[in-house]
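Notes to accompany the following structure.
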Amino acid sequence: MPSIVFVASLIRSSFGFGEALIAVPLLAFFIPIQVAAPLAVLLSITIAAIVVLQDWDKIHLRSAGWLVLATLPGLPLGLLVLTSGHQRIVRALLGLIIVAFSCSLLMRRSAAEPHHDSPVWRALCGFCAGVLGGAYGMNGPPLVIYASLRRWSPQQFRATLQAYFLPASLLAMAGYWATGLWTATVSHDYLLSLPAMVPAFFLGRFINRRLHGDAFLKFILAGLVCIGAVLVLQAVIR
């Protein structure tokens with residue numbers, strides 16, 4: 001379990017997102033999913049809080065705030081998808097959209113760069129993040145698409161996403177607490193995970209500060225392609 005926490009935390013600290021896709025499925029091999037999911041969120045809160053405190057000056061606070069607000073109306077729709085009988089179709093469609101959009105950006109010589117914080121893109125990506133978060137606990141892809149279009153530096157990208165994930169993850173933990181899923185076992189496993197998470201965080205910060213421009217964007221978009229492909233495979237297999 002410590003090795004899973006280390007790898008997931010390293011990815012989150014380096015790129016700002018993506019750890020849930022690794023941590024929750026792999027942790028579920030060793031502990032119940034009812035423990036793995038809140039454990040992953042607690043680790044997410046910890047990393048996000050440290051990044052926000054350390055890199056406050058690199059956060060696009062206005063963008064992060066509006067993204068959080070745009071996420072809220074998407075959450076109920078995501079929960080509706082979760083309880084509906086059409087999860088496979090929606091999952092496959094979302095995966096295909098993510099893959100297609102990410103590949104189109106990868107094939108361009110340079111991604112679009114808005115001269116201002118486009119309210120349309122911001123609202124659309126925030127809303128879609130809420131839908132994905134409510135349905136699958138996977139807010140990241142729409143936010144990453146938005147941040148990629150803004151062409152933020154790797155440091156701004158990482159810090160601003162954490163400013164979004166911190167309140168979103170706190171809300172998620174409040175939900176786990178209200179439903180009785182934040183148990184003593186979750187807290188115990190979280191404390192045991194900290195020795196693996198802390199060095200991964202600082203190593204990820206070191207990596208992030210050595211990533212630049214187009215190379216960073218290609219890493220991010222390639223990661224999105226993988227996430228979209230996993231969503232499609234999950235829909236087909238299940």
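For the single chain, residues carry numbers from 1 onward in sequence order. Here the structure is a predicted model, which is why all the values come from computation and not from measurement. Scope of the values below: all heavy atoms of this structure, side chains included, with no hydrogens, waters or symmetry mates.
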Item to complete: Group every Ile, Leu, Val, Met, Phe, Trp and Tyr by side-chain heavy-atom contacts under 4.5 Å, then state whether Leu191 and Val35 land in the same group.
Response: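 Yes; tracing contacts between hydrophobic side chains, which count when under 4.5 Å, links both residues.
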
Worksheet item: Does one hydrophobic cluster hold both Leu192 and Leu39, with members joined at side-chain heavy-atom distances below 4.5 Å?
Response: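 No; tracing contacts between hydrophobic side chains, which count when under 4.5 Å, never links both residues.
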
Worksheet item: Does Ser13 reach the main-chain N or O of Phe201 with its side chain, forming a donor-acceptor pair under 3.5 Å?
Response: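 Side chain of Ser13 to backbone of Phe201: a pair is present.
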
Worksheet item: Looking only at atom types and distance, does a side-chain atom of Thr160 sit under 3.5 Å from a main-chain N or O of His60, one as donor and one as acceptor?
Response: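 Indeed, once roles are kept as given, a pair shorter than 3.5 Å links the two residues.
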
Worksheet item: Can you name the side-chain hydrogen bond (donor to acceptor under 3.5 Å, both in side chains) partners of Thr185, sequence neighbours left out?
Response: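 By the side-chain hydrogen bond (donor to acceptor under 3.5 Å, both in side chains) rule, Thr185 matches no residue at all.
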
Discussion item. Suppose we screen for side-chain hydrogen bond (donor to acceptor under 3.5 Å, both in side chains). Which residues come up paired with Gln155, at least two apart in sequence or across chains?
Written reply: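 Partners of Gln155 under the side-chain hydrogen bond (donor to acceptor under 3.5 Å, both in side chains) test: none.
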
For residues 161-171, please give each side-chain donor-acceptor pair under 3.5 Å, one per line with the distance, not counting sequence neighbours.
| unit_1 | atom_1 | unit_2 | atom_2 | d |
| --- | --- | --- | --- | --- |
| Gln162 | OE1 | Arg12 | NE | 2.7 |
| Gln162 | OE1 | Arg12 | NH2 | 2.7 |
| Gln162 | NE2 | Gly16 | O | 2.9 |
| Gln162 | NE2 | Arg158 | O | 3.1 |
| Tyr164 | OH | Thr71 | OG1 | 2.8 |
| Tyr164 | OH | Asn139 | ND2 | 3.2 |
| Ser169 | OG | Ser44 | OG | 3.2 |
| Ser169 | OG | Phe165 | O | 2.8 |

Discussion item. If I compare all heavy atoms of Pro142 with all of Ala129, which pair ends up nearest, and what's the gap?
Written reply: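 Smallest interatomic distance, heavy atoms only, reads CG-N, 3.6 Å.
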
Set of side chain to side chain contact (heavy atoms under 4.5 Å, CB included) partners for [X], sequence neighbours left out:
| X | result |
| --- | --- |
| Ala196 | Pro2, Val5, Phe6 |
| Phe127 | Pro73, Leu77, Val131 |
| Phe206 | Arg210 |

Item to complete: Go through Arg205 and Gln54 one step at a time and tell me if the side-chain hydrogen bond (donor to acceptor under 3.5 Å, both in side chains) criterion holds.
Response: CA-CA 10 Å; Arg205 191 168 190 261; Gln54 285 188 331; 2.9 Å; yes

